[in-house]
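A short write-up of the structure that comes next.
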There are 2 protein chains.
Amino acid sequence: MGEGVGTIPRKPNLYDVARLAGVSRSTVSRVLTGASNVSPEAVGAVRAATRRLGYRPDPIARAMRSGSSGCIGMVVPEIGNPFFAELVEAIERELQAHDVELMITDSRDSVENERRRIESLLDRRVDGLIVIPVESHSSAPALAHVTEIPIVLLDRRVDNLTGDFVGVDNAAGIHSVLQHIAEQGARRVVFVSGDDSTSTGASRLAAFDTQVARLVGIRPAHRLGSFTVEFGEKAAHELLAEGALPDAIVCGSDVVAIGVLHALSDSGIGVPDDVLVTGFDGIRLADLMRPTLTTVSQPISDLAVEAVRLVLLRIGGDTGPTRRSEIAPALQVRRSSTRGSA
Amino acid sequence: MGEGVGTIPRKPNLYDVARLAGVSRSTVSRVLTGASNVSPEAVGAVRAATRRLGYRPDPIARAMRSGSSGCIGMVVPEIGNPFFAELVEAIERELQAHDVELMITDSRDSVENERRRIESLLDRRVDGLIVIPVESHSSAPALAHVTEIPIVLLDRRVDNLTGDFVGVDNAAGIHSVLQHIAEQGARRVVFVSGDDSTSTGASRLAAFDTQVARLVGIRPAHRLGSFTVEFGEKAAHELLAEGALPDAIVCGSDVVAIGVLHALSDSGIGVPDDVLVTGFDGIRLADLMRPTLTTVSQPISDLAVEAVRLVLLRIGGDTGPTRRSEIAPALQVRRSSTRGSA
DNA sequence: CCGGTAGGTGGGCACGTTCCCATAGTGAGG
DNA sequence: CCTCACTATGGGAACGTGCCCACCTACCGG
């Protein structure tokens with residue numbers, strides 16, 4: 001009974017590769033980490049042995065020693081929100097193109113959860129973070145706490161936080177919607193959106209307030225809550241209860257608009273015949289609603305490419321000034337806002 | 001200049017806690033891992049020191065030594081699919097209730113990606129896996145390869161794989177739909193669904209074939225592709241091109257049904273007046289479509305609770321026989337399939 | 001001919017934790 | 001009174017890797 005005969009083939013480690021290649025652990029490590037000062041013969045022997053044993057470096061041990069895991073973490077407020085889900089999908093696709101792994105976590109719209117998720121990702125030694133923060137104000141402490149690794153804010157900003165940001169130009173988006181609504185002849189318009197606890201809510205609201213009088217017309221009003229279908233339904237029902245239906249309901253997000261459409265349909269109000277409705281985000285479902293939903297379409301793929309580019313750049317050592325990428329959204333005119341069309 | 005004065009406060013480790021508590025590393029470790037044989041005074045001192053230093057155990061080092069990370073991994077074919085997104089959300093919520101962390105990854109409907117994701121999660125020492133497999137056949141090797149930790153299949157099965165499964169009773173779901181369709185007076189029905197490369201596709205198809213003749217009627221037909229909006233649109237357009245519209249279109253998933261509704265609406269076909277349409281899955285959006293979509297509603301929350309219960313049970317050491325939980329779905333009758341209603 | 005230098009290599013150590021074993025103290029039973 | 005067993009504790013080792021340092025050899029210049 002010779003030694004090693006019949007033993008269970010344990011997962012190979014650096015020692016095993018070194019033994020088979022006839023070199024030391026150090027040399028194997030040098031080859032695998034791409035360091036210089038290794039002879040071509042050694043490189044060849046190590047590569048052969050690695051392949052032969054099916055060796056893969058242990059990411060845990062690697063993280064332990066080097067403090068880096070080779071993957072980046074993402075925190076999302078609510079993966080069930082189609083816009084965020086599409087964003088995650090795009091980020092994942094883009095990272096895969098760069099051979100970087102993604103760890104996705106959900107903060108469930110709670111700052112406390114968000115803090116925990118970020119701490120956990122840091123503990124797991126992610127090399128960078130892409131975060132869609134929960135709130136523009138109270139998310140700040142948890143995020144400011146991240147100093148060792150780069151962090152890119154996606155879609156939403158956070159107050160007083162020096163970090164890279166990637167999102168759309170909300171003011172331009174609201175502008176294009178209002179202009180379009182005005183062209184359709186609407187005069188009285190109500191803005192239904194999330195409140196100003198998120199930067200997207202705040203800046204879309206500010207843009208509406210700044211531009212509505214000049215572009216559209218009389219007695220503009222708000223109804224602010226959260227970016228959910230339920231809030232859209234509630235807001236629409238309240239508007240109906242008050243009696244005077246506006247000419248147009250401009251929504252701060254597509255899910256809100258979907259809620260509004262649902263409530264109006266339930267009450268027998270015709271869209272676009274009785275009231276125009278628009279959304280914001282450009283989720284895939286916007287085009288599948290009946291009526292199809294006019295919306296400010298965010299270039300999700302471009303946002304993902306830019307966010308990934310930025311975080312990898314920072315991981316690569318870039319220490320330039322904080323960057324803000326505001327990509328222009330494009331208005332998608334559809335049935336829900338086109339009066340008198342077929 | 002005394003030593004330690006003005007030094008940067010490094011992240012505390014076991015040594016620091018032990019020193020402050022006046023005990024050894026071993027005792028601290030015993031307290032924190034909840035082992036027995038520790039005196040109450042030691043426990044108190046360690047807890048106090050831990051709190052005082054704000055010490056948190058390093059999960060990487062823990063994983064390195066013990067081979068366990070205290071979190072479980074999930075692999076999903078497509079996070080952008082609303083049904084999967086809702087499932088992920090429910091799983092995350094349920095795991096959080098048990099204080100277990102979740103690492104979510106996306107296989108993007110590729111068996112090769114799926115294999116890589118699983119390997120990576122194993123490398124990261126997750127304690128268990130919840131997987132929605134890509135295919136019932138070719139996903140098998142990658143999954144069979146997982147032997148050290150428990151794995152629970154969710155929604156879809158895999159051939160010849162001995163592992164726990166949680167999903168709905170697809171045959172019962174199809175049965176309830178067909179019965180309902182028959183009651184509405186439909187005779188000719190077409191089944192539009194994903195093909196049999198997934199177990200859900202296969203079993204819904206089998207159930208349709210077995211039951212349709214008895215329950216509904218004449219010349220049933222299929223149109224099989226993938227569980228996507230695009231396929232639903234394509235299938236509906238093809239049906240229209242062929243001329244003879246059936247009485248009802250039974251879809252294998254809600255996203256397919258949404259695609260069908262979209263295509264029919266584009267072509268001016270009335271639902272439910274000209275043709276009945278039903279879905280399967282019960283995603284939240286089904287109730288927001290116009291017409292609202294009749295669907296077989298999966299108890300997503302129950303599925304998540306059961307999957308989490310099973311995986312934690314196995315992690316806890318349970319070695320009982322393989323379990324199959326097939327939860328009964330509930331038919332949600334809505335506008336898209338109710339002929340002659342208001 | 002000798003010293004210096006650069007390229008290539010191997011060994012020790014550390015990262016922070018858990019597991020195993022040895023040891024000291026204590027109570028009970030023969 | 002001695003011994004056995006059991007509790008509480010501390011120290012050493014190990015998980016697998018990357019980094020630092022020391023070493024060896026060959027080559028080149030003085």
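Reckoned from all heavy atoms, side chains included, excluding hydrogens, waters and symmetry mates. Source: prediction; values computed, not measured. Proteins get letters first, then strands, A, B, ... in listed order; numbering begins at 1 in each.
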Whole angstrom is fine here: how far is it from [atom1] in [X] over to [atom2] in [N]?
| X | N | atom1 | atom2 | result |
| --- | --- | --- | --- | --- |
| A/Leu14 | C/dC15 | CG | P | 19 Å |
| A/Arg125 | C/dT17 | CZ | C1' | 11 Å |
| A/Asp123 | C/dG16 | CG | P | 12 Å |
| B/Ile60 | D/dT17 | CD1 | P | 14 Å |
| A/Tyr15 | C/dG10 | OH | C1' | 11 Å |
| B/Asp16 | C/dG16 | CG | P | 9 Å |

Listed by chain and number, what are the salt bridge (charged side-chain N to carboxylate O under 4.0 Å, His left out) partners of [X], not counting sequence neighbours?
| X | answer |
| --- | --- |
| B/Arg115 | B/Glu112, B/Glu119 |
| A/Asp16 | A/Arg10, A/Arg19 |
| B/Asp58 | A/Arg125 |

Kindly give the atom pairs (protein nitrogen or oxygen, nucleotide nitrogen or oxygen) under 3.5 Å for nucleotides 11-15 of chain D.
from, atom 1, to, atom 2, distance (Å)
D/dG11, N7, B/Ser26, OG, 2.9
D/dG11, O6, B/Ser26, OG, 2.7
D/dG12, N7, B/Arg25, NH2, 3.4
D/dG12, O6, B/Arg25, NH2, 2.7
D/dA13, N6, B/Arg25, NH2, 3.0
D/dA14, N3, B/Arg65, NH1, 2.7

Establish, yes or no, whether the cationic atom of A/Arg157 lies under 6.0 Å from the six-membered ring centre of A/Phe165 and within 45° of the ring axis.
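Because its charged atom sits under 6.0 Å from the ring centre and within 45° of the axis, A/Arg157 does stack over A/Phe165.
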
Which part of the nucleic acid does B/Ala42 contact within heavy-atom distance under 4.0 Å: base, sugar-phosphate only, or nothing?
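Sugar-phosphate contact only.
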
Within the structure shown, what part of the strands sits under 4.0 Å from A/Ser29 by heavy-atom distance: base, sugar-phosphate, or nothing?
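Base contact.
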
OP1 or OP2 of [N] sitting under 4.0 Å from any side-chain N/O of [X]?
| X | N | value |
| --- | --- | --- |
| B/Ser39 | D/dT9 | yes |
| A/Tyr55 | D/dT17 | yes |
| B/Arg62 | C/dT18 | yes |

Show the atom names and distances, to 0.1 Å, of all donor-acceptor pairs under 3.5 Å that link a side chain in residues 131-139 of chain B to residues at least two apart or in another chain.
from, atom 1, to, atom 2, distance (Å)
B/Glu135, OE1, B/Ser138, OG, 2.5
B/Ser136, OG, B/Ser197, O, 3.0
B/Ser139, OG, B/Glu114, OE1, 2.5
B/Ser139, OG, B/Val134, N, 3.3
B/Ser139, OG, B/Glu135, N, 3.0
B/Ser139, OG, B/Glu135, O, 3.2

B/Pro299: what forms a side chain to side chain contact (heavy atoms under 4.5 Å, CB included) with it, not counting sequence neighbours?
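If we apply the side chain to side chain contact (heavy atoms under 4.5 Å, CB included) test to B/Pro299, skipping adjacent residues, the hits are B/Val168, B/Asp302, B/Ile327.
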
Need to verify one output field. Residue with the more 5' nearest nucleotide on DNA chain D, A/Lys11 or B/Glu41?
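This one resolves to B/Glu41.
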
Restricting to pairs with a member in residues 311-320 of chain A, which pass salt bridge (charged side-chain N to carboxylate O under 4.0 Å, His left out), not counting sequence neighbours?
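Counting only pairs at least two positions apart or across chains, the salt bridge (charged side-chain N to carboxylate O under 4.0 Å, His left out) contacts touching residues 311-320 of chain A are A/Asp164-A/Arg314, A/Arg314-A/Asp318, A/Asp318-A/Arg323.
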
Would you tabulate the side-chain donor-acceptor contacts of residues 84-94 of chain A under 3.5 Å, counting partners in other chains and residues two or more places apart, or write 'none'?
from, atom 1, to, atom 2, distance (Å)
A/Glu86, OE2, A/Arg284, N, 3.0
A/Glu89, OE2, B/Gly80, N, 3.0
A/Glu92, OE2, B/Arg117, NH2, 3.1

Quick one: do B/Leu53 and B/Thr50 satisfy side chain to side chain contact (heavy atoms under 4.5 Å, CB included)? Show the steps, please.
CA-CA 5 Å; B/Leu53 293 176; B/Thr50 301; over 6 Å; no

For the helix from C/dC1-D/dG30 to C/dG30-D/dC1, what angle separates the axis at the start from the axis at the finish, each from five pairs, in steps of 10°?
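The angle, to the nearest 10 degrees, is 60°.
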
